[in-house]
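Here's the structure, in C-alpha cells; my notes come after.
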Amino acid sequence: MKAREGATDEEQIWQVVRLIPRGRVATYGQVAALAGLPGGARKVGRTMSRLPNRTRLPWHRVVNASGRISLPIGSTGHREQKRRLEREGVAFVKGRLSLARFRWRP
DNA sequence: TTCGTGACGTGCA
DNA sequence: GTGCACGCCACGA
C-alpha cells in the first residue's frame, strides 16, 4: 500500500476546486494536474458528477478545455452552472467563455 | 473478464 | 469552427 499523506484523490480534487477564485474558471485537466493527478481529467469529471447538490464547493468554476460547460445542454446542471458563472461576471459568447480572459492562473 | 460509457484532452482532417 | 479517432481511467452490467 502506498502513503497518501492522509488525503485521498477525491479530497485533493475538492481542495483544488475550493481554491478557484470567484469570477475565474479552471479546466478539468488543470484541476487534475494541480491535484497531483496528471491525465486524470476524467476522474475530476467523475468526482464532480458525484457531488451532492448541497455541496458548497464552487464546482461551477470547472469547465472543459474548450471553454464550454460539459453538462448536457438543456440539463438543470448546465443552466445552473452558466447562471452562477454569469453572476460572477464570466461572459458567455455562443455557449462558450474565453479561457484567455477567465482562466485561473495559480 | 470483457465491453460500453462518461461533467476529459489533444491532434488532425 | 466541427467532427472523429485515440489515449486515458474508473465503474458497472
**Prompt:** Does a sphere of radius 6.0 Å around CZ in Arg18(A) hold more than 12 heavy atoms from other residues, nucleotides or ligands, not counting ones at 6.0 Å or beyond?
**Reply:** yes
**Complete:** Rounded to whole Å, CG of Asn64(A) lies from P of dT2(C) at a distance of 13 Å
**Message:** Please report the distance, rounded to the nearest Å, between CG in Leu34(A) and P in dG9(B).
**Reply:** 13 Å
**Asked** Going through the checks in order, is the side-chain contact (heavy atoms from CB on, under 4.5 Å) test met by Gln81(A) and Val63(A)?
**Response** CA-CA 9 Å; Gln81(A) 180 166 19; Val63(A) 298; 4.0 Å; yes
**Asked** How many Å lie between CD1 on Ile69(A) and P on dA7(B), as a whole number?
**Response** 14 Å
**Request:** Would you name the heavy atoms of Ala32(A) and Gly40(A) that are closest together and state the gap between them?
**Result:** CB-C, 3.5 Å
**Prompt:** What is the distance from CD1 of Ile13(A) to P of dC8(B), rounded to the nearest Å?
**Reply:** 13 Å
**Prompt:** Can you check side-chain contact (heavy atoms from CB on, under 4.5 Å) on Trp14(A) and Leu51(A), steps first, answer last?
**Reply:** CA-CA 10 Å; Trp14(A) 299 335; Leu51(A) 288 174; 3.7 Å; yes
**Item:** Distance, rounded to the nearest Å, where Arg68(A) contributes CZ and dA7(B) contributes C1'
**Value:** 15 Å
**Item:** Spacing of Arg105(A) atom CZ and Gln30(A) atom CD [to the nearest 0.5 Å]
**Value:** 9.0 Å
**Request:** Pick the C1' atom in dG6(B) and in dG7(C), then give their distance to the nearest Å.
**Result:** 15 Å
**Nearest-Å distance for atom pair CG/P, residues Leu85(A) and dA7(B)** = 18 Å
**Item:** Check against salt bridge (Lys or Arg N to Asp or Glu O under 4.0 Å), Glu88(A) and Arg61(A)
**Value:** CA-CA 10 Å; Glu88(A) 295 186 353; Arg61(A) 295 178 189 148; 2.7 Å; yes
**Item:** Shortest side-chain distance from Ala65(A), nucleotide among dT10(B), dA7(B), dG1(C)
**Value:** dT10(B)
Pairs under 3.5 angstrom, nitrogen or oxygen only, protein versus nucleotides 8-12 of chain C, please.
unit_1  : atom_1 : unit_2   : atom_2 : d
dA10(C) : O3'    : Arg46(A) : NH2    : 3.0
dC11(C) : OP1    : Arg46(A) : NH2    : 3.4

**Message:** At 4.0 Å (heavy atoms only), tell me whether Ser66(A) reaches a base, stays on the sugar-phosphate, or touches nothing.
**Reply:** nothing
